[in-house]
Amino acid sequence: MAAKMELAPLRPWDDFFPGMDRFAKPEFGDLTKWNNRVISNLLYYQTNYFAVALVVFLIVGFVNPFGMFLGGAVVTLVFVGSVWAGENQAMVKNFKRKNPTLFVIVVMVTSYFLLTLCGGVMVFIFGITFPLLLILIHASLRLRNMKNRLENKIEGVGLKKTPMGIIMDLLDQQEEKMNKIQDFIESKLKE
């Protein structure tokens, strides 16, 4: 899987943080639209998000290397275990497909409780949860212009080869995205 993986391009930082006019509160009443905005931004800005998360991760790791290693190991083991359970247990698979955000929250809460047993909660909060929170806030608030939407749809054919595409696939979000891309392309071909 990793041999076929390609990194998405690093988007210009002035596109990533263009100014307040390109940010808006999501429509909390329309969860589908909000979910689509988050997924589109996660896929489009994935390399920028990885860079931001890596910087925070490295800063916290420099301050407390053992705690960061422990926190990363626990979160990785819980995530891998939950993905395995999602693939092999029908009930978990249905839950993951219907509630991907809640599934990620369950993984994070489980990791949190396991880390409380080890005493690494602050490292978990600042090193792992804080970057995820920053990414979620940006992906929720960042509006997309037509050029970015179109480029995201065009890149959709190869998204499973990018790290975020693989993560979305593990969270059962990729199939919906690919169907939407196919519908978009078909509608544009008909016009």
Side-chain angles (χ1 to χ4, degrees), residues 1-2 4-28 30-61 68 71-72 75-76 79 83 96 99-105 107-108 111 124-185 188:
M1 184 186 318
K4 297 179 184 178
M5 191 181 323
E6 301 171 8
L7 282 178
L10 183 69
R11 306 297 176 189
W13 290 103
D14 61 337
D15 180 33
F16 189 63
F17 290 114
M20 295 307 291
D21 59 328
R22 296 301 306 152
F23 290 90
K25 183 176 76 169
E27 295 181 33
F28 296 111
D30 188 358
L31 292 179
T32 304
K33 190 172 184 178
W34 183 18
N35 190 46
N36 288 339
R37 180 194 285 189
V38 170
I39 290 172
S40 294
N41 282 330
L42 287 174
L43 291 170
Y44 187 74
Y45 294 113
Q46 62 184 287
T47 306
N48 297 69
Y49 291 141
F50 284 132
V52 169
L54 182 65
V55 167
V56 174
F57 193 81
L58 288 174
I59 290 170
V60 174
M68 197 62 193
V75 171
T76 300
F79 182 75
V83 167
K96 183 173 76 166
N99 305 299
T101 304
L102 192 54
F103 179 75
V104 172
I105 290 171
V107 169
M108 297 307 289
S111 300
F124 173 77
I125 290 173
F126 289 109
I128 297 168
T129 307
F130 185 64
L132 292 177
L133 181 64
L134 289 176
I135 290 167
L136 179 63
I137 289 170
H138 184 274
S140 293
L141 297 177
R142 178 66 170 97
L143 295 173
R144 303 290 308 284
N145 61 31
M146 187 51 91
K147 177 186 169 203
N148 291 351
R149 288 181 188 167
L150 184 60
E151 188 172 332
N152 198 20
K153 306 279 189 216
I154 291 170
E155 289 178 8
V157 177
L159 285 178
K160 283 196 175 191
K161 294 181 183 177
T162 64
M164 190 65 73
I166 291 169
I167 292 170
M168 290 295 167
D169 189 34
L170 291 172
L171 295 173
D172 286 331
Q173 290 294 301
Q174 195 63 29
E175 290 176 25
E176 289 179 14
K177 189 73 178 163
M178 294 307 287
N179 290 338
K180 289 177 185 174
I181 292 168
Q182 181 181 355
D183 293 343
F184 175 80
I185 291 172
K188 290 300 176 187

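The structure displayed is predicted, hence computed values, not measured ones.
To the nearest 0.5 angstrom, Ile59 atom CD1 is 10.0 Å from Leu54 atom CG. Between the CG atom in Leu42 and the CZ atom in Arg142 there is a gap of 13.5 Å [rounded to 0.5 Å]. Expressed to the nearest 0.5 Å, how far CG of Asn41 lies from CG of Leu141 amounts to 9.5 Å. Rounded to the nearest 0.5 angstrom, His138 NE2 and Tyr45 OH are separated by 6.0 Å. Between the CH2 atom in Trp13 and the CG atom in Asn48 there is a gap of 4.5 Å [rounded to 0.5 Å].
For Phe50, the CZ atom sits in a packed shell: over 12 heavy atoms of surrounding residues, nucleotides or ligands are nearer than 6.0 Å.
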